[in-house]
Amino acid sequence: MFLNTIQRLQGFQDVLPDEQPYWDLIGRQARLLAERFGFQRLDIPIIENSDLYQRGVGTGSDFFVQKEMYTIEEGDGESITLRPEFTAGFMRAYLENGLSNWVQPVKLYTIGPAFRRERPQAGRFRQHSQFNAEIIGESDPAADLEVMMLAMSLYRELGFAGLTFQLNSTGCPACKPTYIEALKTFLQDHLEKLSPLDQERLRRNPLRILDSKEKGMDELLADAPHILNYLCADCESHFADLRGLLDALEQSYTINFRLVRGIDYYTKTVFEVWAEGIGAQAAVCGGGRYDILAEALGGPPTPGVGFGSGIERIIRALKENGVHPPLPPVPSVMLVHFGGRTKEEAVKLTYTLRQAGIATRLAFARERRSLKSQLREANKQQIQTVIIVGESELAEGKVALRPLTGGEQTFVALSEVVGVVSSFEF
RNA sequence: GUGGCUGUAGUUCAGUUGGCAGAACACCUGGUUGUGGCCCAGGGGGUCGUGGGUUCGAGUCCCACCAGUCACCCCA
């Protein structure tokens with residue numbers, strides 16, 4: 001490498017050709033399934049007014065969350081932010097474009113990059129890509145089921161096992177505060193068992209203690225109050241209905257009362273899909289219901305539920321599961337030549353073949369280049385048939401067709417090349 | 001923001017008590033006019049992450065910084 005060349009930013013990645021088959025596979029499968037489930041594509045800007053994410057994510061959420069956003073203060077006083085997630089932007093687009101006047105609910109999906117300024121680690125990058133699906137305008141638990149099953153179907157179709165649903169309810173403004181008080185009271189009675197870190201969490205965001213990784217917390221939290229015992233009637237029946245639907249589908253899930261969200265706008269259902277063997281970041285998908293988000297953005301009360309799934313983590317899980325994507329097609333034929341008039345003829349034939357729909361590679365050479373060198377190139381490119389445009393063949397108005405997959409070299413008239421090559425089954 | 005581990009060719013890595021910078025693979029060229037793969041020969045490519053220090057001499061020892069990686073914090 002040359003000295004002082006500009007390098008990639010920390011936490012950003014190049015996706016080289018070798019990796020593209022994974023992206024193609026996942027993108028194709030996600031679009032296919034989303035549309036089979038009746039979701040329509042919505043793409044939103046990568047940059048939005050900072051207020052969207054500050055209000056959406058909530059100033060009452062963690063201060064740290066905002067520190068991890070890429071926010072740019074423009075010279076004219078405008079503040080803009082690279083999207084750290086999709087949900088707030090989807091709700092903004094729903095409100096702004098009058099989607100509440102469409103047949104309800106509206107089912108939308110997208111796929112694209114999101115940005116978070118955090119320290120990279122396994123499966124976490126500063127730019128990552130998400131497949132995102134949302135159902136807006138519907139409070140039926142069947143909508144929760146729908147997005148959950150879309151996520152699960154994607155992973156199944158991609159062909160890996162070892163997946164589990166983690167399911168919980170986070171309540172609503174009517175019942176969540178009561179639960180938080182009960183949890184606080186319990187923890188304060190056991191303050192001496194809390195690490196300094198968890199004592200800090202207790203002050204800042206007590207729910208977060210539930211997914212604490214500090215020692216001894218498993219035992220302590222086993223006796224802690226569970227939110228499911230504190231749900232209001234509405235939240236309780238919603239959760240019961242969702243469980244009933246999952247049972248009816250014979251879709252297994254694990255109730256995880258320690259599954260929490262760090263963001264304010266979540267209500268009722270929260271869920272994740274965990275995959276085995278991808279390190280500390282086991283979740284390939286996280287989602288939930290957000291019935292109070294629309295109001296936080298200044299809109300009318302509008303229920304919503306959805307999930308986001310990190311593509312990089314899916315790829316990581318696929319590799320871990322030994323799933324290999326299909327390889328991309330390579331050019332079927334390659335034109336080689338010896339410069340001069342043979343080069344001109346090779347160039348003409350190349351574009352003629354491509355117009356006929358045949359994937360064609362052209363040998364490049366500023367000077368006369370040995371046939372050996374050109375054939376070596378063709379071999380490495382896994383070309384199936386080489387078309388040799390040589391002086392002697394050209395003198396008879398022909399070219400040589402050399403199959404690299406075995407078989408005899410043949411000679412074909414220039415005018416018949418397209419027809420003959422088209423008849424091959426590549 | 002915090003901590004562990006790791007930084008030598010495009011890649012994976014070796015490099016002895018401090019003494020001329022290496023291998024494999026990959027890439028390029030050639031092996032008698034223009035015939036691939038296998039084989040053989042040759043070639044290009046490195047401020048040894050960066051900067052300082054110790055030393056006659058540092059890839060090697062010391063310090064700082066940077067980057068990668070894994071974990072924590074946080075996780076939309």
Side-chain angles (χ1 to χ4, degrees), chain A residues 1-5 7-13 16 18 52-54 56-58 61-69 81-91 114-125 128 130 132 195-198 200-201 204-205 208 211-214 259-266 270 272 278-283 285-288 290 293 306-310 313 334 336-339 342 363 367-394 400-406 408-409:
Chain A
M1 194 189 355
F2 287 99
L3 231 53
N4 298 326
T5 51
Q7 294 183 321
R8 246 187 345 254
L9 256 28
Q10 182 182 42
F12 288 74
Q13 299 185 106
L16 298 178
D18 282 356
L52 174 67
Y53 297 117
Q54 258 145 34
V57 159
S61 298
D62 266 310
F63 168 70
F64 298 94
V65 170
Q66 291 180 47
K67 268 180 56 176
E68 292 185 354
M69 294 199 295
T81 296
L82 268 65
R83 65 184 178 205
E85 54 132 3
F86 288 87
T87 305
F90 263 48
M91 187 58 85
F115 304 84
R116 299 173 187 177
R117 194 178 169 76
E118 59 192 353
R119 282 280 282 270
Q121 67 185 74
R124 300 178 74 167
F125 306 95
H128 73 284
Q130 273 190 28
N132 208 264
S195 66
L197 182 61
D198 281 331
E200 171 61 24
R201 284 189 176 113
R204 214 175 60 222
N205 192 350
R208 273 283 154 201
D211 61 3
S212 169
K213 290 160 190 155
E214 299 293 307
L259 183 66
V260 294
R261 289 274 106 107
I263 301 303
D264 287 346
Y265 59 62
Y266 279 100
V270 295
E272 293 184 350
I278 56 171
Q281 313 302 323
C285 155
Y290 44 89
L293 172 60
F307 72 87
S309 184
R313 282 195 200 174
M334 174 162 160
V336 308
H337 57 84
F338 302 102
T342 66
E367 309 294 338
R368 186 184 180 93
R369 183 175 161 199
S370 77
L371 184 56
K372 179 196 289 277
S373 162
Q374 298 187 68
L375 287 177
R376 274 182 176 160
E377 175 184 331
N379 188 57
K380 281 171 189 157
Q381 292 296 326
Q382 297 175 286
I383 298 292
Q384 305 194 39
T385 302
V386 171
I387 301 176
I388 303 169
V389 187
E391 288 95 345
S392 54
E393 290 88 345
L394 223 45
L401 261 54
R402 179 174 179 78
L404 295 193
T405 47
E408 289 294 301
Q409 183 165 312

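Here is how names work: the chains are called A, B, and so on, in the same order as the sequence lines, proteins then strands, and each is numbered from 1. Worth knowing before you read on, the calculation uses all heavy atoms, side chains too, and leaves out hydrogens, waters and symmetry mates.
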N/O contacts under 3.5 Å, protein versus nucleotides 24-29 of chain B?
residue : atom : partner  : partner atom : Å
B:C28   : OP2  : A:Lys380 : NZ           : 3.2
B:U29   : OP1  : A:Ser373 : OG           : 3.2

Between the protein and nucleotides 2-4 of chain B, list every N/O to N/O distance that falls short of 3.5 Å.
residue : atom : partner  : partner atom : Å
B:U2    : O4   : A:Arg119 : NH2          : 3.1

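Across all strands shown, A:Gly287 has no heavy atoms under 4.0 Å from either base or sugar-phosphate atoms. Residue contacts shown for A:Gln374 are absent, as no nucleic acid heavy atom lies under 4.0 Å away.
At B:C72, one or more side-chain N or O atoms of A:Lys213 fall inside 4.0 Å of OP1 or OP2 (strictly under the cut-off). For the pair A:Gln10 and B:G68, the criterion of a side-chain N or O lying under 4.0 Å from OP1 or OP2 is met. Between A:Arg201 and B:C74 there is a side-chain N or O to OP1 or OP2 distance below 4.0 Å. Of the side-chain N and O atoms in A:Arg208, one or more sit less than 4.0 angstrom from OP1 or OP2 of B:C75. At the phosphate of B:U35, neither OP1 nor OP2 sits under 4.0 Å from any side-chain N or O atom of A:Lys372.
If you check distances only, the side chain of A:Glu393 does reach the base of B:G34 with a donor-acceptor pair under 3.5 Å. Residue side chain A:Gln121 does not reach the base of B:U69 through any donor-acceptor N/O pair under 3.5 Å, judged by distance alone. Within 3.5 Å, a donor on the side chain of A:Arg124 pairs with an acceptor on the base of B:C74, or the reverse.
Closest approach of A:Ala283 to A:Arg313, counting heavy atoms only: O-NH1, 2.8 Å. The two residues A:Asn132 and A:Gly308 come nearest to each other via the heavy atoms ND2-CA, 3.3 Å.
Not counting sequence neighbours, the partners of A:Gln382 by the side-chain contact (heavy atoms from CB on, under 4.5 Å) test are A:Val330. Remark: A:Tyr290 pairs with A:Glu134 by the side-chain hydrogen bond (donor to acceptor under 3.5 Å, both in side chains) rule, at least two apart or across chains. In this structure, A:Ser392 has no side-chain hydrogen bond (donor to acceptor under 3.5 Å, both in side chains) partners at least two apart in sequence or on a different chain. Judged as a side-chain contact (heavy atoms from CB on, under 4.5 Å), and not counting sequence neighbours, the contacts of A:Glu85 are A:Tyr53, A:Val57, A:Thr87, A:Ala88, A:Arg116, A:Tyr265. With sequence neighbours excluded, the residues that form a side-chain contact (heavy atoms from CB on, under 4.5 Å) with A:Phe125 are A:Gln13, A:Glu312. Shown here are the side-chain hydrogen bond (donor to acceptor under 3.5 Å, both in side chains) partners of A:Thr342, two or more places apart in sequence or in another chain: there are none. Taking A:Arg376 as the reference, A:Lys372 meet the side-chain contact (heavy atoms from CB on, under 4.5 Å) condition, with sequence neighbours excluded. A:Phe307 pairs by the ring pair (Phe, Tyr, Trp, His ring centres under 6.0 Å) definition with A:Phe131, not counting sequence neighbours.
As rounded to the nearest Å, B:A58 and B:C20 have C1' atoms that lie 14 Å from one another. Rounded to whole Å, the separation between the C1' atoms of B:G3 and B:U8 comes to 26 Å. Rounded to whole Å, the separation between the P atoms of B:A21 and B:G57 comes to 16 Å. Spacing between B:C65 and B:U2 at atom P, rounded to whole Å, works out to 10 Å. Here the separation of B:C28 from B:G10, taken at their C1' atoms, is 13 Å to the nearest Å. Taking the P atom of each, B:U11 and B:C27 are spaced 15 Å apart, rounded to whole Å. Separating the P atom of B:A67 from that of B:G59 is a span of 24 Å, rounded to the nearest Å.
Contacts between residues 81-90 of chain A and RNA chain B, defined by a heavy-atom separation below 4.0 Å, involve A:Pro84, A:Glu85, listed by number.
In terms of position along RNA chain B, the nucleotide closest to A:Phe12 lies nearer the 5' end than the nucleotide closest to the other residue of the pair A:Leu197 and A:Phe12.
Here the straight-line distance linking atom CD of A:Gln374 with atom CD1 of A:Ile388 works out to 9.0 Å at 0.5 Å rounding.
Pairing analysis of RNA chain B (Watson-Crick: purine N1 to pyrimidine N3 plus N6-O4 or O6-N4; G-U wobble: N1-O2 and O6-N3; both under 3.5 Å) yields stems of 3 or more pairs at B:1-7 with B:66-72, B:10-13 with B:22-25, B:27-31 with B:39-43, B:49-53 with B:61-65.
As rounded to whole Å, 7 Å separates atom P of B:G36 from atom CG of A:Leu371. Between A:Gln130 atom CD and B:A76 atom C1' there is a gap of 8 Å when expressed in whole angstrom units.
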